[in-house]
2 protein chains.
Amino acid sequence: MSGPTRRRDAGATRAALLEAAAGLFAEQGYERTTVREVAARAGVNQALLFRYFGSKEELFAEVLAVQSDELLAGPVETLLERVLADLLWDADADRVRQSLRALLRSVGHAGAAELLRDRLGTAYVRRLATLSDAPDAELRADLLVAWLLGIGLLRSVVGKQPLAGADPAEVSALVLRTARHLLEERPATGSGD
Amino acid sequence: MSGPTRRRDAGATRAALLEAAAGLFAEQGYERTTVREVAARAGVNQALLFRYFGSKEELFAEVLAVQSDELLAGPVETLLERVLADLLWDADADRVRQSLRALLRSVGHAGAAELLRDRLGTAYVRRLATLSDAPDAELRADLLVAWLLGIGLLRSVVGKQPLAGADPAEVSALVLRTARHLLEERPATGSGD
DNA sequence: ACAGGATGTAAGCAAGCGCTTACTAACGGG
DNA sequence: CCCGTTAGTAAGCGCTTGCTTACATCCTGT
């Protein structure tokens, strides 16, 4: 049987570090967050961070690894809506949202850019592109991902008004209507199809 | 007449520092660029950077100060098109484009965020909002600025394909059509106006 | 019970950062 | 011609960064 109160618990320490890191990476991005801050918020000696994660970079990768599948699992039709919700309702600190925001916040960092370029971004775009019949469907989906990125940054990082203070539901509805138009419209041609 | 070859020339030194800084800030952003790098590229002793600009932060501000008016001067109708051009044709290193990209690249930095929030972003939004009759015109303009920000980052910083490799003219046309729709559309209402 | 691995701690290293200081060398007006 | 001002230089200060090391302590299997 497990001891009543384990003061030495590798699993709990790892989890505490992971949670502290997720919060700080989401708030400040990768570069501005120091390993000492993470250890302090976790209430843990900072040497343990390196024992359990190897490096700051690997810790960051583990934080980002959380979200990959959860959002992508649902139906394509509501994918954009769900991502927007995670982006706009930033009050609560759900783990998926934290890791999404850590990704946005750290887009200047090579590791985050690579993840967005080669894995996450591609996965989103593949799904979003199925909503469009246009031959350049993937480009349109890329533009949508770019929009989400920009909205997240201008809202949470820059704090631009009126966007930062706007009703999330209104913003979401406006973006969704425009996104549908982007995916479905076709350029006017001289031949008139 | 001025001396034949002035080896001691404060104006030229300042200009060299400014140009080197614009290039590096555009390529790497504020935080990743070091004052030693700037001085080295300018071929100048790094102490002079502080003599002529006071601090890295003030040097950055001076780099960003370039673009403020130039783009905003033209007609509103082509404003979006011109910014998109500066964003998408990133081959040549025009000074206005460099400072625009330095701003995007450094959006995680407090100084850049403040400029975008309180000055530049507001100026763009004011003008863009005149293109819409909607009551939330400024919000829509904010969303456009967010889109520009996201496109610039996903293209130049992240390097996401197919966006990064797409024909700038096609991207521009697609974004402009969608932007017009965003500015002009109105939500469907139950009362049917 | 006790050896040995797992867990936690304190201290500090090398490197890099923005910035400053103490100095030399060139210029230009009197 | 000389001297104060200006431009340029070399060195390094104080601090922070990610990461490591040497060591104390606890827990568990046999």
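Here is how names work: the chains are called A, B, and so on, in the same order as the sequence lines, proteins then strands, and each is numbered from 1.
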Checking D:dG8, C:dT20, D:dT20 against the side chain of A:Ala47 (C-beta onward), the nearest is D:dT20
Carboxylate-amine/guanidinium contact A:Asp86 A:Arg101, below 4.0 Å: no
OP1 or OP2 of C:dG8 under 4.0 Å from side-chain N/O of A:Thr13: yes
What's the closest nucleotide to the side chain of A:Val35 if the choices are D:dA10, C:dC19, D:dG18? D:dG18
In whole angstrom, what separates A:Tyr30's OH from D:dG18's C1'? 9 Å
Integer-rounded Å distance: D:dT17 C1' and A:Arg32 CZ: 14 Å
Rounded to whole Å, CZ of B:Phe50 lies from P of D:dG12 at a distance of 18 Å
Quick one: label A:Tyr52 by what it contacts on the DNA or RNA (base, sugar-phosphate, nothing), any heavy atom closer than 4.0 Å. sugar-phosphate
Rounded to the nearest 0.5 angstrom, the CG-OH distance for B:Asp142 and B:Tyr124 is 14.0 Å
Does the plane of the ring in B:Phe60 sit parallel, tilted or perpendicular to the ring in B:His109? Use 30° and 60° as the thresholds. perpendicular
State whether the number of non-hydrogen atoms from other residues, nucleotides or ligands found under 6.0 Å of A:Arg186 atom CZ is greater than 12. yes
Give the rounded distance in Å between these two atoms: CZ of B:Phe60 and P of C:dC19. 14 Å
Check every atom of D:dT17, C:dC17, C:dA11 against the side chain of B:Thr34 and return the nucleotide holding the closest atom. C:dC17
Any idea which of C:dA26, D:dG18, C:dA6 is nearest the A:Arg8 side chain? C:dA6
Find the distance A:Leu17:CG to D:dC19:P and express it as a whole number of Å. 14 Å
Candidates D:dT17, D:dT9, C:dG8 - which lies nearest the side chain of A:Arg51: C:dG8
If you count heavy atoms of other groups shown closer than 6.0 angstrom to CD of B:Glu37, is the number above 12? yes
What is the separation between atom NZ on B:Lys56 and atom P on C:dC19, rounded to the nearest whole Å? 8 Å
Within the 4.0 Å heavy-atom criterion, would you say A:Ala10 contacts the bases, only the backbone, or no part of the nucleic acid? sugar-phosphate
Any N/O donor-acceptor pair, A:Arg36 side-chain to D:dT16 base, under 3.5 Å: no
Taking the nucleotide of DNA chain D with the nearest heavy atom to each, does B:Val44 or A:Glu57 sit closer to the 5' end? B:Val44
Measure from CD on B:Gln46 to C1' on D:dA7 and round the result to the nearest Å. 16 Å
I need the CG-P distance between B:Leu24 and C:dG18, as an integer number of Å. 12 Å
Can you tell me which nucleotide in C:dG8, C:dG18, D:dG18 comes closest to the side chain of A:Leu48? C:dG8
